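Working notes for the structure below.
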Amino acid sequence: MTDPLVLCIALPLVGAMLVTALPRWSVRLGIVSALATAGAAVALTAAVWQQGTLHLILGGWDAQLAIALRADGLATALVLMANLVGLGISVYATGYFHDRLRVRSFWPLWLLLWAALNGLFLAGDLFNLYVMLELLGIAAAALGALTGNRDAVAANLRYLLVGLLGSISYLLGVALLYTAHGTLDLGLLAQRIAAAPELFAVNAAAMALMVAGLALKAALFPLHFWLPPAHANAPAPVSAALSALVVKAAFYLILRLWLDLFWPITGMAAAMLPALLGAVAVLWGSWRALRAERLKLLAAYSTVAQIGYLFLFLPLLTATPPGPARDDLLAALLLMAVTHGFAKAGFFLAAGLVQTNAGHDRIDDLGGTAQRLPATTFAIALSGSALIGLPPSGSFIGKWLLMQGAIATGQWWWVIVVTTGSLLASAYVFRVLSRAFGLEPTPLKFITDARAEVPALTLALISVAVLGLASGPLWTLLGLSAAGSGTGGGV
Amino acid sequence: MLTAQFLYGGAGLVLFALGLWSFLVHEPLLRKIIALNITGAGVFHVLIAIAYRGDVAPPDPVPHALVLTGIVVAVSATALALMLGARLQDAEEEDRRR
């Protein structure tokens with residue numbers, strides 16, 4: 001039971017139980033659980049780095065019945081990102097919540113959410129994915145409504161219902177796949193789908209149900225309607241978790257299903273639809289972010305746009321034959337997802353500080369923020385540059401490879417989408433910064449509240465400096481996964 | 001017995017479609033929650049029909065496990081949705097009184 005694969009899921013679960021049982025100690029127990037979980041994630045990364053893809057079947061049961069866990073390069077990179085971001089959010093949350101009731105409600109839900117995230121990234125069969133998906137959805141909606149004000153409750157009630165519809169649709173897809181192939185294990189299912197082209201109709205119907213349900217949770221345009229109010233009205237640490245991690249988990253699942261399971265039955269036409277919607281998401285989301293009046297709403301619309309970029313990779317991956325070019329595309333996709341995770345978490349945490357400090361987050365009235373909160377403004381600028389895709393951020397390399405792949409496969413029109421999206425992104429980021437640098441006296445000190453500012457700054461810094469200048473290991477991590485797993489034509 | 005299996009599974013699909021339609025069309029929260037539960041019940045019907053393996057063999061436990069988990073999830077999610085709905089209603093009544 002000391003396998004890091006198990007610990008990544010078990011530690012936050014145990015933590016959630018402890019903070020529920022001992023609410024008086026919730027902050028201390030919560031931060032210890034957060035540290036332990038992040039440690040397990042680092043250990044997992046080290047193990048995958050050395051040994052390649054890890055498999056684990058729990059409890060000594062038959063593979064068909066037991067809980068199967070699996071960590072390959074793709075999953076591990078996302079787990080590491082999610083857990084580092086999670087640690088940052090936890091540290092920030094210790095200073096953010098003051099009301100005792102909020103503190104006691106936040107920690108159990110947040111640790112449950114964390115366990116569900118890790119479980120989702122590491123699950124090896126469709127059943128556990130379903131359980132984790134539901135746990136994630138319920139914990140996320142409850143956390144989002146934590147402020148208890150009317151807008152937050154209304155937005156997160158809608159989020160809960162939409163999420164439930166998404167998972168029911170996913171479950172029907174799982175039922176169809178089980179009828180056709182008699183297994184829920186991802187590896188076995190991949191082989192059986194590839195070996196049974198005559199079951200195309202069932203496979204395609206299952207894929208449509210599952211991907212549509214997950215696209216609803218990943219907020220792919222035009223199914224994004226629930227996201228901006230839900231994310232903008234949640235408490236800052238929760239907004240950061242929802243935007244940076246929860247939405248990405250749904251996208252990860254789509255990618256996993258697409259590349260691992262349904263690769264044999266997806267053609268160019270199937271990949272074009274989500275990519276076209278993604279392109280509209282990039283343009284529409286960025287435009288709405290530019291027009292947003294509030295800082296957190298801006299960040300939420302920017303998430304809609306950033307998720308859109310990830311879907312643009314699908315037709316490029318379809319058109320590129322296996323080889324170094326396709327590996328580059330996959331690594332670029334991962335790099336963009338991970339960079340956005342760090343950048344958006346940093347942005348939301350910083351936006352939360354601005355809101356607490358100024359008492360509002362209306363962008364037009366942010367004058368002087370740079371002088372009052374220099375470190376926070378710097379964090380917004382850094383994560384903003386990662387959202388735009390300026391060098392040396394990780395998304396610069398991601399977008400560069402995306403455009404390269406688009407030209408190499410003759411799909412030049414995506415380049416227009418990416419450049420327009422980046423232009424709009426620079427407009428909305430600089431709009432915030434131009435207001436923040438209003439004319440006021442020089443700053444008294446750079447850091448005003450270390451516990452809250454350091455996590456935001458660190459996450460933003462990782463998205464720009466670490467991921468941009470040292471993204472090489474990501475390729476190695478993915479390379480290990482390609483060598484280690486023999487299943488399917490996918491990752 | 002195969003026809004019974006098809007009838008049961010087919011009824012499940014019809015329930016799924018009806019619930020989905022009701023969820024999308026009707027505005028009141030309670031109707032949406034009931035519609036979601038019907039959609040879920042439709043999927044459970046399909047899963048129970050799949051589990052049938054003839055009169056001699058015992059039913060397949062895997063779909064049954066899926067249904068059990070699904071029921072637990074549906075109950076807790078319904079409770080949370082009702083709770084949030086009640087909170088919303090309180091807030092609205094307070095606004096009206098002001």
Side-chain angles (χ1 to χ4, degrees), chain A residues 62 64-67 109 125-128 130-185 205 209 212-213, chain B residues 5 9 12-13 15-17 19-20 22-24 29 31-33 35-53 60-63 65-95:
Chain A
D62 175 54
Q64 289 282 321
L65 290 174
I67 294 179
L109 288 168
D125 66 79
L126 293 176
F127 183 22
N128 288 311
Y130 168 70
V131 176
M132 294 304 169
L133 205 56
E134 291 285 29
L135 186 58
L136 190 68
I138 292 177
L143 271 176
L146 207 60
T147 53
N149 71 43
R150 201 172 130 184
D151 289 342
V153 173
N156 283 283
L157 178 58
R158 184 158 65 163
Y159 174 37
L160 176 70
L161 294 178
V162 165
L164 282 175
L165 187 66
S167 15
I168 290 174
S169 172
Y170 169 88
L171 186 63
L172 187 60
V174 173
L176 290 182
L177 282 183
Y178 190 78
T179 321
H181 306 287
T183 182
L184 292 172
D185 183 79
L209 283 166
Chain B
Q5 194 185 9
L13 288 179
L15 275 180
F16 179 86
L20 184 62
S22 185
F23 178 82
L24 296 177
L29 174 67
R31 296 194 71 162
K32 277 199 189 294
I33 294 177
L36 266 182
N37 274 290
I38 291 175
T39 319
V43 179
F44 300 156
H45 270 62
V46 174
L47 283 165
I48 291 171
I50 294 168
Y52 178 71
R53 291 189 291 200
D60 185 350
V62 174
L66 272 170
V67 173
L68 280 176
T69 315
I71 290 173
V72 173
V73 167
V75 169
S76 29
T78 304
L80 180 58
L82 287 173
M83 176 68 209
L84 290 178
R87 183 72 68 85
L88 202 57
Q89 206 167 23
D90 286 351
E92 268 161 17
E93 267 164 24
E94 216 163 277
D95 281 4

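Below, read A as the first sequence line, B as the second, and so on, with proteins coming before strands; counting in each chain starts at 1. Owing to the predicted nature of the structure, the values given are computational and were not obtained by experimental measurement. Any value given below was found using the heavy atoms of this structure, including those in side chains, with hydrogens, waters and symmetry copies removed.
- Heavy-atom pairs under 4.5 Å with chain A were tallied for B/Arg87, B/Lys32, B/Glu92; the largest tally goes to B/Glu92.
- Taken from CZ in B/Phe16 to CG in A/Leu209, the straight-line distance is 5.5 Å, to the nearest 0.5 Å.
- Chosen from B/Leu36, B/Leu47, B/Asp90, B/Asp60, the residue pairing most often with chain A at heavy-atom distances under 4.5 Å is B/Leu36.
- Neither the backbone nor the side chain of B/Glu94 comes within contact range of chain A, judged by heavy atoms closer than 4.5 Å.
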- Between B/Leu20 and A/Leu165, does a side-chain contact (heavy atoms from CB on, under 4.5 Å) hold up when you go through it step by step? CA-CA 8 Å; B/Leu20 184 62; A/Leu165 187 66; 3.6 Å; yes
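- Looking at heavy atoms from C-beta onward, A/Leu172 lies in side-chain contact with B/Leu13 at the 4.5 angstrom threshold.
- Between A/Val131 and B/Val73, the closest side-chain pair of non-hydrogen atoms is not below 4.5 Å.
- Annotation for B/Arg53: atom CZ counts as buried by contact number, over 12 foreign heavy atoms lying within 6.0 Å.
- Looking at B/Leu66, the atoms closer than 4.5 Å to chain A (heavy atoms on both sides) sit in the backbone and in the side chain alike.
- For A/Leu160, the part sitting under 4.5 Å from any heavy atom of chain B is the side chain, from C-beta outward, and nothing else.
- The shortest heavy-atom contact between B/Leu80 and A/Ala142 is CD2-CB, 4.3 Å.
- Note: B/Thr39 OG1 to A/Leu171 CG = 11.5 Å, rounded to the nearest 0.5 Å.
- Here the CD1 atom belonging to B/Ile38 is positioned 11.0 Å from the CD1 atom belonging to A/Ile168, to the nearest 0.5 angstrom.
- Looking only at side-chain heavy atoms (C-beta outward), A/Leu161 and B/Leu29 come within less than 4.5 Å of each other.
- Contact of A/Ala175 with chain B is made through backbone and side chain together, with heavy-atom distances under 4.5 Å.
- Looking at every heavy atom in both residues, B/Pro63 comes nearest to A/Tyr178 through CG-CE2, 3.6 Å.
- Looking only at side-chain heavy atoms (C-beta outward), B/Thr69 and A/Phe127 come within less than 4.5 Å of each other.
- Residue contact with chain A, scored on non-hydrogen atoms closer than 4.5 Å, is absent for B/Ala51.
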